[in-house]
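I have placed the structure first, in the form of structure tokens, so that the comments after it can refer back to it.
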Amino acid sequence: MKRKLYNVNNNEPLLEYGFPEDYSYKEDGVTARRVYRSFDFASGTLYETFFENFHIAFCDLKTKPSTEIPVATEEETVEMEFVLRGSCKRDSSEFDQTLDFDENRHNITYIRKQKAISKWQAPSKSVQMLQINISPKTFANYLTDENELVKKFKKNILNKRSSRLRMQSQTITPQMH
């Protein structure tokens with residue numbers, strides 16, 4: 001999984017995250033890195049962890065109360081996204097409907113290569129989110145056909161159709177926290 005954030009004013013790349021170009025899986029473990037960035041609309045820290053077929057990113061940002069960030073996803077991925085603080089609306093070239101994430105909400109999405117606009121609303125000027133990206137093939141191996149919702153999601157992954165497990169984001173439960 002690789003993602004780039006762009007400057008909304010001039011379309012210049014601001015930040016690239018996900019598996020680095022030189023990443024290669026090593027039997028003995030996990031690769032991690034921490035990146036701090038400051039832009040005119042936000043500043044904060046991105047913590048990333050990589051291991052075979054998985055990418056985990058935790059983002060802790062201070063933002064303007066309302067921020068738009070163009071985002072390009074350059075490879076297909078299954079993304080579990082958890083918005084812990086702040087809120088986000090995402091308009092994507094792959095979906096007809098805006099996905100809303102209020103504080104303490106989550107969803108699972110299969111994303112092909114796409115361009116999106118993330119619209120952050122952070123009245124507290126603080127945004128925290130966790131993204132877990134898994135290779136679609138690995139993720140599909142863990143899905144059963146016992147539930148119709150999951151069965152449909154798995155079919156979309158195997159047919160390479162961008163989709164969401166649920167049309168609306170769901171509440172993060174105490175067990176998930």
Side-chain angles (χ1 to χ4, degrees), residues 1-5 16-21 23-33 46-61 69 71-120 127-177:
M1 195 285 303
K2 187 171 294 261
R3 192 165 276 159
K4 289 183 181 177
L5 306 182
E16 184 175 302
Y17 66 100
F19 285 99
E21 294 291 333
Y23 176 81
S24 63
Y25 174 71
K26 299 178 184 90
E27 286 292 325
D28 59 345
V30 174
T31 302
R33 70 179 172 191
L46 172 68
Y47 303 89
E48 293 183 282
T49 305
F50 312 91
F51 48 104
E52 188 176 27
N53 299 316
F54 292 87
H55 170 259
I56 300 170
F58 176 76
C59 187
D60 189 5
L61 292 176
I69 306 170
V71 180
T73 303
E74 298 184 348
E75 300 166 19
E76 68 175 334
T77 186
V78 173
E79 181 171 83
M80 295 185 282
E81 187 165 26
F82 304 83
V83 175
L84 306 171
R85 187 178 301 146
S87 66
C88 174
K89 293 180 185 292
R90 186 157 304 127
D91 291 319
S92 167
S93 59
E94 286 290 306
F95 297 98
D96 323 351
Q97 180 185 352
T98 298
L99 182 58
D100 293 332
F101 284 102
D102 289 323
E103 192 164 296
N104 273 336
R105 304 288 285 183
H106 75 96
N107 209 339
I108 302 174
T109 308
Y110 166 68
I111 305 168
R112 298 181 317 152
K113 199 173 180 177
Q114 73 162 356
K115 291 185 178 179
I117 299 287
S118 289
K119 298 175 183 175
W120 290 97
V127 172
Q128 286 186 339
M129 64 183 288
L130 173 70
Q131 292 176 329
I132 301 170
N133 289 273
I134 304 170
S135 76
K137 183 179 178 183
T138 299
F139 189 80
N141 286 339
Y142 289 100
L143 299 177
T144 66
D145 291 340
E146 295 169 16
N147 175 295
E148 281 304 312
L149 186 66
V150 173
K151 185 177 179 178
K152 181 180 175 185
F153 188 60
K154 181 178 181 179
K155 183 178 177 181
N156 285 333
I157 292 170
L158 296 174
N159 290 318
K160 299 190 180 291
R161 284 194 302 261
S162 292
S163 62
R164 299 178 177 123
L165 183 61
R166 300 213 179 241
M167 291 309 293
Q168 303 297 320
S169 59
Q170 303 296 298
T171 301
I172 297 173
T173 64
Q175 293 87 351
M176 293 167 116
H177 271 286

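Counting all heavy atoms, side chain and backbone alike, Cys59 lies closest to Leu46 at CB-CD1, 4.3 Å. Across all their heavy atoms, Phe139 and Phe153 have their closest contact at CE2-CE2, 3.7 Å.
Applying the side-chain contact (heavy atoms from CB on, under 4.5 Å) rule to Leu130 yields the partners Ile56, Phe58, Phe82, Ile132; only residues at least two apart in sequence or on another chain are considered. The side chain to side chain donor-acceptor pair (under 3.5 Å) test applied to Asn104 returns His177, not counting sequence neighbours. Considering only residues two or more places apart in sequence or on other chains, Glu146 meets the side chain to side chain donor-acceptor pair (under 3.5 Å) condition with none of them. For Thr138, the side chain to side chain donor-acceptor pair (under 3.5 Å) partners two or more places apart in sequence, or in a different chain, are Asn53, Ser135.
Contact annotation: the side chain of Asp145 never approaches that of Val150 to less than 4.5 Å [non-hydrogen atoms, C-beta and beyond]. Between Arg85 and Val127 the shortest side-chain heavy-atom distance does not fall below 4.5 Å. Residues Leu84 and Ile172 meet the side-chain proximity criterion, which asks for heavy atoms closer than 4.5 Å. Looking at Ser87 and Phe101, their side chains never come closer than 4.5 Å, going by heavy atoms from C-beta outward. Residues Met80 and His106 are not in side-chain contact: their nearest non-hydrogen atoms beyond the backbone lie 4.5 Å or more apart.
Atom CD in Gln131 sits 10.0 Å away from atom OG1 in Thr109 (nearest 0.5 Å). Annotation: the span from Lys154 atom NZ to Asn159 atom CG amounts to 12.0 Å, rounded to 0.5 Å. To the nearest 0.5 Å, atoms CG (Asn141) and CD1 (Ile134) are separated by 11.0 Å. One distance of note links CD1 of Ile157 with NZ of Lys155; it measures 13.5 Å at 0.5 Å rounding. Residue Asn107 holds its CG atom at 10.0 Å from CD of Glu79, rounded to the nearest 0.5 Å. Within the model, atoms CD of Glu103 and CE of Met129 stand 13.5 Å from one another, a figure rounded to the nearest 0.5 Å.
With hydrogens and angles disregarded, no donor-acceptor distance shorter than 3.5 Å links the side chain of Lys115 to the backbone of Ala72.
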* **From CA spacing to verdict: side-chain contact (heavy atoms from CB on, under 4.5 Å), Asn133, Val78** => CA-CA 6 Å; Asn133 289 273; Val78 173; over 6 Å; no

Identify all side-chain donor-acceptor contacts of residues 160-170 below 3.5 Å with residues at least two apart in sequence or on another chain.
from, atom 1, to, atom 2, distance (Å)
Lys160, NZ, Glu76, OE1, 3.3
Lys160, NZ, Glu76, OE2, 2.9
Arg161, NE, Asn156, OD1, 3.1
Arg161, NH2, Asn156, OD1, 2.9
Ser162, OG, Glu94, OE1, 2.7
Ser162, OG, Arg112, N, 3.1
Arg164, NH1, Gln97, O, 3.4
Arg164, NH2, Gln97, O, 3.2
Ser169, OG, Asp100, O, 2.7
Ser169, OG, Arg105, NE, 3.4
Gln170, NE2, Gln168, O, 2.8

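Judged by distance alone, the side chains of Glu48 and His55 do bring a donor and an acceptor atom under 3.5 Å apart.
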